[in-house]
Amino acid sequence: MFKLFGKKDEELKLYKPVVGKAIDITQVPDEMFSQKLMGEGVAIEPEEDTVVAPCDGEILLVAKTLHAVALQTSNGVEVLIHVGLDTVELKGQGFTSHVNAGDKVKKGDKLLSFDRQYITEQGKPLVTPVVITNSDEKVADMEKIFGENDVIMTIKVK
Amino acid sequence: MIKEIVTVNRQDGLHARPAGELVQLCKKYQSEIKMGKVTANISAKSILAVMAMGISKGEKVAISAEGPDEELAMDAIKELLSKE
């Protein structure tokens, strides 16, 4: 395989999987995420109800309780999108999945839908971490972009 | 190499939080640690691989550890998976 521009490191851009403001993962009120135990990344404060693919890839998992979805890019980077906090406790209520593990997806394809009103009524924060679960192994460098921008992470892949 | 079958007692099974805790724990040990529903063939040091197994509370999981600290690792894993 030839390398584009002869670059040594491949670059991966991740786009917002859900419309909303991007914040640093360290701002998420849950230690598992804020201390980066799940990996490096950002979080989105959702303003809409649909999760779409942040890049091209293959679906690695859809949680049985439908509140989380993960995909792997062709260069081996794993991206986990976890809708809300402690939403596993909702046992799938308020969530609909549009994909299955093994599906190939393109950036922008619909992955999950969720009911923001229901999740909020159940007392669960909506903030949605988007993390690279294998950042130690795969990420050489990462730029995180917060706020309203469409791109949330630019990653140099190891 | 040591192998054990452990019952997962975590509320809601091995979803993101316990999977993250398990992987953080396993990474502290040099040993190669694997797990699986039938045979231990999936790396316990990968969060998504652990989550993708979709293990529910009450399910049994096969665990293997191989390396200089395999017994310490196995004891710690058993403790983590068996607590609620």
Tell me, for [X] versus chain A, whether the close heavy atoms (under 4.5 Å) come from the side chain, the backbone, both or neither.
| X | result |
| --- | --- |
| B:Gln11 | neither |
| B:Ile47 | side chain |
| B:Ser46 | side chain |

CA sep, side-chain torsions, deciding dist, call: A:Asp56, A:Lys107, salt bridge (charged side-chain N to carboxylate O under 4.0 Å, His left out): CA-CA 5 Å; A:Asp56 296 352; A:Lys107 173 179 109 54; over 6 Å; no

Evaluation steps, side chain to side chain contact (heavy atoms under 4.5 Å, CB included), between A:Leu60 and A:Glu78: CA-CA 8 Å; A:Leu60 278 187; A:Glu78 300 172 350; 4.1 Å; yes

Candidate pair A:Ser113 and A:Asp49, rule side-chain hydrogen bond (donor to acceptor under 3.5 Å, both in side chains), full reasoning: CA-CA 6 Å; A:Ser113 303; A:Asp49 298 333; over 6 Å; no

Side chain to side chain contact (heavy atoms under 4.5 Å, CB included) evaluation trace for B:Thr7 with B:Asn9: CA-CA 6 Å; B:Thr7 301; B:Asn9 207 18; 5.7 Å; no

Which of B:Glu21, B:Met51, B:His15, B:Lys45 touches chain A most, by non-hydrogen pairs under 4.5 Å: B:His15

Full working for side-chain hydrogen bond (donor to acceptor under 3.5 Å, both in side chains) between A:Lys36 and A:Ser135: CA-CA 10 Å; A:Lys36 304 182 183 174; A:Ser135 42; over 6 Å; no

Greatest number of heavy atom pairs closer than 4.5 Å to chain B - which of A:Leu61, A:Asp86, A:Val62: A:Leu61

Option in A:Asn134, A:Asp30, A:Thr65 with maximal non-hydrogen atom pairs under 4.5 Å from chain B: A:Asp30

Portion of A:Glu137 that has a non-hydrogen atom of chain B nearer than 4.5 angstrom: side chain

From CA spacing to verdict: side chain to side chain contact (heavy atoms under 4.5 Å, CB included), B:Leu81, B:Ile63: CA-CA 11 Å; B:Leu81 294 182; B:Ile63 296 168; 3.6 Å; yes

